[in-house]
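To start, the structure under review is shown below, and the notes come after it.
Nothing here was measured: the structure is a model prediction, and the numbers come from that model. The chains referred to below are lettered A, B, ... by the order of the sequence lines, with proteins before strands, and numbering in each begins at 1.
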Number of protein chains: 2
Amino acid sequence: MGEFKHLCMAKFKEGVVVDDIIQELTKLAAELDTVKYFGWGKDVLNQEALTQGFTHVFVMTFASAEDLAACMSHEKHSAFAATFMAALDKVVVMDFPLVFVKPAPPLA
Amino acid sequence: MGEFKHLCMAKFKEGVVVDDIIQELTKLAAELDTVKYFGWGKDVLNQEALTQGFTHVFVMTFASAEDLAACMSHEKHSAFAATFMAALDKVVVMDFPLVFVKPAPPLA
């Protein structure tokens, strides 16, 4: 049951056109069937003490840990990851099964 | 339209009982009507170069930026935040409207 998340917080290097990165990610997510959901966000409160300079969040959702692993090892992901990492000043990536608390998940 | 996310990545101090924190957060999310969804996750891949030592993700979802602001300024949130921050070694908090890319959001 549940969903497996691949979450990335990014601070880009000066001069990087983030819209281009988002376009590439959108293409990647569309091409890889294992990616169930893809979304992103840009911090709007700009509280430096809380954001630590990170500006963007990217999140991909998979049906299982196996689907995540398949995506991560896909050549299209590897090619993108190399470009992506080169554009970053700082990054944190976390991979986890999401535990739903509220609302309570249906009994199954 | 859309959802407003309050996302927190945490690395706890040694000796902190994370289950207790999660229990408090669960109670808080249940008590505050503005919190539409609450979930959390623990990184399972343990790739230090990617996680930078962060271990947990907490995410609350609100219907709007106004609901988020109401929650953040609520005395119950403030009381919890003080305890929470004291338990942390490192933290990143980001607040953003989530942009859904895949699947494409319905036209409305």
Practice problem: Heavy-atom pairs under 4.5 Å with chain A are the metric here; pick the option from B:Ala49, B:Ala65, B:Gly53, B:Gly41 that has the most. | Solution: B:Gly41
Quiz item: Which of these passes side chain to side chain contact (heavy atoms under 4.5 Å, CB included) with A:Val93: B:Leu50, B:Leu45, B:Asp43?
Solution: B:Leu50
Quiz prompt | Interface moiety of A:Thr55 toward chain B, non-hydrogen atoms closer than 4.5 Å | solution = backbone
Self-check item: Nearest-0.5 Å distance, CG of residue A:Asp95 to CG of residue B:Asn46
Solution: 10.0 Å
Quiz prompt | A:Leu7 side chain reached by B:Leu7 side chain, heavy atoms, under 4.5 Å | solution = yes
Exercise. Any chance you could measure A:Met9, atom CE, to B:Met94, atom CE, to the nearest 0.5 Å?
Key: 5.5 Å
Quiz item: So what's closer than 4.5 Å to chain B heavy atoms on A:Ala29: side chain, backbone, both or neither?
Solution: both
Quiz item: Is B:Tyr37 reachable from B:Phe100 through a run of hydrophobic residues whose side-chain heavy atoms are each under 4.5 Å from the next?
Solution: no
Practice problem: Considering only heavy atoms and a distance below 4.5 Å, find which of B:Val35, B:Val44, B:Val57, B:Val99 pairs most often with chain A. | Solution: B:Val99
Quiz item: What part of A:Met60 lies closer than 4.5 angstrom to a heavy atom of chain B: side chain, backbone, both or neither?
Solution: neither
Practice problem: Look at the side-chain heavy atoms of Ile, Leu, Val, Met, Phe, Trp and Tyr, link any pair under 4.5 Å apart, and say whether A:Leu28 and A:Ile22 land in one connected group. | Solution: yes
Quiz item: Rounded to the nearest 0.5 Å, how far does CD of A:Gln52 lie from CD of B:Gln52?
Solution: 12.0 Å
